[in-house]
Amino acid sequence: MNPGRAKTGVRPKHVFLMCPPEYFTVAYIINPWMHGNLRRIDNAVARQQWRSLYDHLTDIANVRLVLPQPSSPDMVFTANAGLVKGSRFIVSRFRYPERQNEEPYFADWFQDRGYEVSMMPRDVPFEGAGDALFDRGGQCLWMAHGHRSIPAAREIVAERVKSEVEVLKLVDQRFYHLDTCFCPLEGGKLIYYPAAFDAASQTTIEKLVPAHRRFAIAEADALQFACNAVNVGKAVVVNRAGKDFVEGLGKLGYEVVQTPLSEFMKAGGSAKCLTLRLDEK
């Protein structure tokens with residue numbers, strides 16, 4: 001597969017990293033979505049769904065690929081590889097041993113392309129752009145803890161990316177990464193599922209993001225991972241979303257693009273999980 005170009009012929013602004021699902025399966029249980037799905041992935045369907053997402057994104061952005069590895073079935077979820085800002089890449093330190101095999105593969109990919117690669121201390125779990133998302137209306141980085149990353153990662157990440165870091169706490173096991181329930185949109189707007197956060201974090205979000213710029217989604221949409229979206233310009237690419245979600249984002253000026261990702265939902269991931277944005281400045 002070759003990186004795509006926008007249909008207009010103009011070089012796309014955004015660049016994403018994806019990993020083909022050649023070895024994707026549910027081989028262990030490290031989140032609630034995996035329960036009951038061990039070895040129940042239809043890999044042919046997964047490949048079709050991944051390719052559909054890839055095709056959608058190559059119409060509006062550039063996509064680069066990292067080679068999948070047989071020892072790392074969750075490597076397809078490249079959002080968890082680490083955090084990119086400019087030419088710097090912070091490699092994730094996965095909480096669970098089942099995913100730690102991925103770390104050197106991602107480190108090598110970025111090292112080979114000239115990035116300044118740094119590692120987190122082994123005793124400081126931090127799961128990259130799964131738990132750390134740049135605000136699209138300012139300079140802050142939102143970072144979550146509660147299930148995977150830990151609060152001690154804040155200082156290290158803030159120093160390395162030279163950004164103010166706002167820390168949020170996740171309290172619902174179903175939403176184990178920040179990007180499963182929180183999505184900053186271009187233009188400074190936000191979609192999120194409030195009940196995934198503790199009361200103090202909800203207050204922080206409400207304080208920093210004005211009401212007219214945030215859209216709180218319903219539980220039904222949250223459980224379809226509607227917040228686990230890839231945003232490129234006015235397009236918001238998701239697995240599935242209800243009428244209220246589509247209409248709500250329409251009022252904010254965005255167009256929702258739905259592309260089924262049911263096989264990846266069995267492992268606790270969706271559109272955003274399957275991508276890592278490389279052009280963070």
Side-chain angles (χ1 to χ4, degrees), residues 1-24 41-69 72-87 89 102 105-106 108-110 112-115 128-130 133-134 136 179 183-187 191 224-241 246 249 253-265 267 269-281:
M1 300 177 192
N2 295 318
R5 293 293 181 88
K7 291 180 178 180
T8 60
V10 177
R11 185 176 178 82
K13 174 183 177 183
H14 297 319
V15 185
F16 296 94
L17 179 66
M18 295 181 69
C19 178
E22 183 174 350
Y23 303 109
F24 170 62
I41 298 299
D42 186 325
N43 195 260
V45 174
R47 292 184 192 208
Q48 292 170 357
Q49 292 181 343
W50 184 92
R51 182 57 195 245
S52 179
L53 175 64
Y54 174 90
D55 288 344
H56 280 298
L57 293 181
T58 54
D59 280 344
I60 55 179
N62 274 336
V63 177
R64 296 177 183 171
L65 299 176
V66 59
L67 289 176
Q69 301 295 327
S72 300
D74 276 344
M75 196 170 168
V76 68
F77 297 122
T78 53
N80 309 141
L83 184 66
V84 176
K85 188 174 184 187
S87 62
F89 177 65
E102 300 173 33
Y105 295 119
F106 285 119
D108 287 348
W109 191 93
F110 282 89
D112 290 347
R113 285 154 184 80
Y115 284 79
L133 302 171
F134 287 101
R136 302 303 176 194
D179 68 0
C183 181
L185 299 174
E186 293 181 34
I191 51 177
Q224 292 297 331
F225 276 4
C227 285
N228 197 247
V230 182
N231 174 214
V232 180
K234 294 301 182 182
V236 177
V237 184
V238 300
N239 164 50
R240 284 182 57 192
V246 174
L249 282 200
Y254 301 91
E255 178 186 0
V256 176
V257 178
Q258 300 184 52
T259 183
L261 295 165
S262 57
E263 292 306 300
F264 300 99
M265 290 284 293
S270 190
K272 166 63 172 57
C273 290
L274 292 165
T275 65
L276 175 65
R277 186 163 153 182
L278 300 180
D279 59 300
E280 302 285 7
K281 304 301 183 187

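Judged by distance alone, the side chain of Lys272 and the main-chain N or O of Ala129 form a donor-acceptor pair under 3.5 Å. A donor-acceptor pair is defined here as one N or O able to donate and one able to accept, closer than 3.5 Å; such a pair exists between the side chain of Glu263 and the backbone of Asp42. At distances below 3.5 Å, not a single donor-acceptor pair connects side-chain atoms of Ser52 with backbone N or O atoms of Thr259. Remark: the backbone N or O of Leu67 is not paired with any side-chain donor or acceptor of Trp109 at under 3.5 angstrom. Counting only distance, with no hydrogens or angles, the side chain of Asn228 and the backbone of Cys273 share a donor-acceptor pair below 3.5 Å. Counting only distance, with no hydrogens or angles, the side chain of Tyr254 and the backbone of Glu186 share a donor-acceptor pair below 3.5 Å.
In this view, Arg113 satisfies the side-chain hydrogen bond (donor to acceptor under 3.5 Å, both in side chains) rule with no residue, not counting sequence neighbours. With sequence neighbours excluded, the residues that form a side chain to side chain contact (heavy atoms under 4.5 Å, CB included) with Pro73 are Thr25, Ala27, Tyr28. Scored by the side-chain hydrogen bond (donor to acceptor under 3.5 Å, both in side chains) test, Asn231 finds no partners at all (sequence neighbours excluded). With sequence neighbours left out, Asp108 forms a salt bridge (Lys or Arg N to Asp or Glu O under 4.0 Å) with no residue at all. Taking the side-chain hydrogen bond (donor to acceptor under 3.5 Å, both in side chains) definition, one finds that Gln258 meets it with nothing, sequence neighbours left out. Partners of Ser262 according to the side-chain hydrogen bond (donor to acceptor under 3.5 Å, both in side chains) rule, which considers only residues two or more places apart in sequence or in another chain, are Gln49.
By the 4.5 Å heavy-atom criterion applied to side chains, Met75 and Phe106 are counted as neighbours. Between Glu102 and Asn80 there is no side-chain heavy-atom pair separated by less than 4.5 Å. Using a 4.5 Å cut-off on side-chain heavy atoms (C-beta onward), Val232 and Val237 make no contact. Counting heavy atoms from C-beta on, the side chains of Trp50 and Pro20 come closer than 4.5 Å. Within the 4.5 Å cutoff, the side chain of Thr78 has no heavy atoms near those of the Phe16 side chain. Residues Arg240 and Pro260 fail the side-chain proximity criterion, which asks for heavy atoms closer than 4.5 Å.
In this structure, Phe89 and Ala81 approach most closely via the heavy-atom pair CZ-O, 3.5 Å. Closest of all the heavy-atom pairs between Ala229 and Val236 is CB-CG1, 3.6 Å. Taking each heavy atom of Asp55 and Thr58 in turn, the nearest pair found is O-OG1, 3.1 Å. In this structure, Val76 and Cys19 approach most closely via the heavy-atom pair CG2-O, 3.1 Å. Smallest separation of non-hydrogen atoms from Asn239 and Leu261: OD1-N, 2.7 Å. Summarising the geometry of Ala79 relative to Leu276, their closest heavy-atom pair is O-CD1, 4.0 Å, with the distance given to 0.1 Å.
Environment of CZ in Arg277: crowded, with over 12 heavy atoms of neighbouring residues, nucleotides or ligands closer than 6.0 Å.
Going from atom CG of Leu185 over to atom CG of Leu249 covers 6.5 Å, rounded to the nearest 0.5 Å. Atom NE2 in His56 sits 12.0 Å away from atom CZ in Arg51 (nearest 0.5 Å).
The pair Arg136-Glu280 counts as a salt bridge, with a side-chain nitrogen and a carboxylate oxygen less than 4.0 angstrom apart.
A centroid separation of less than 6.0 Å is found between the aromatic rings of Phe24 and Phe264.
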Subject >> Verdict with supporting geometry, Leu17 and Phe110, side-chain contact (heavy atoms from CB on, under 4.5 Å) >> reply: CA-CA 11 Å; Leu17 179 66; Phe110 282 89; 4.1 Å; yes
**OP:** Could you walk me through whether Leu83 and Phe134 pass side-chain contact (heavy atoms from CB on, under 4.5 Å), step by step?
**Re:** CA-CA 10 Å; Leu83 184 66; Phe134 287 101; 3.9 Å; yes
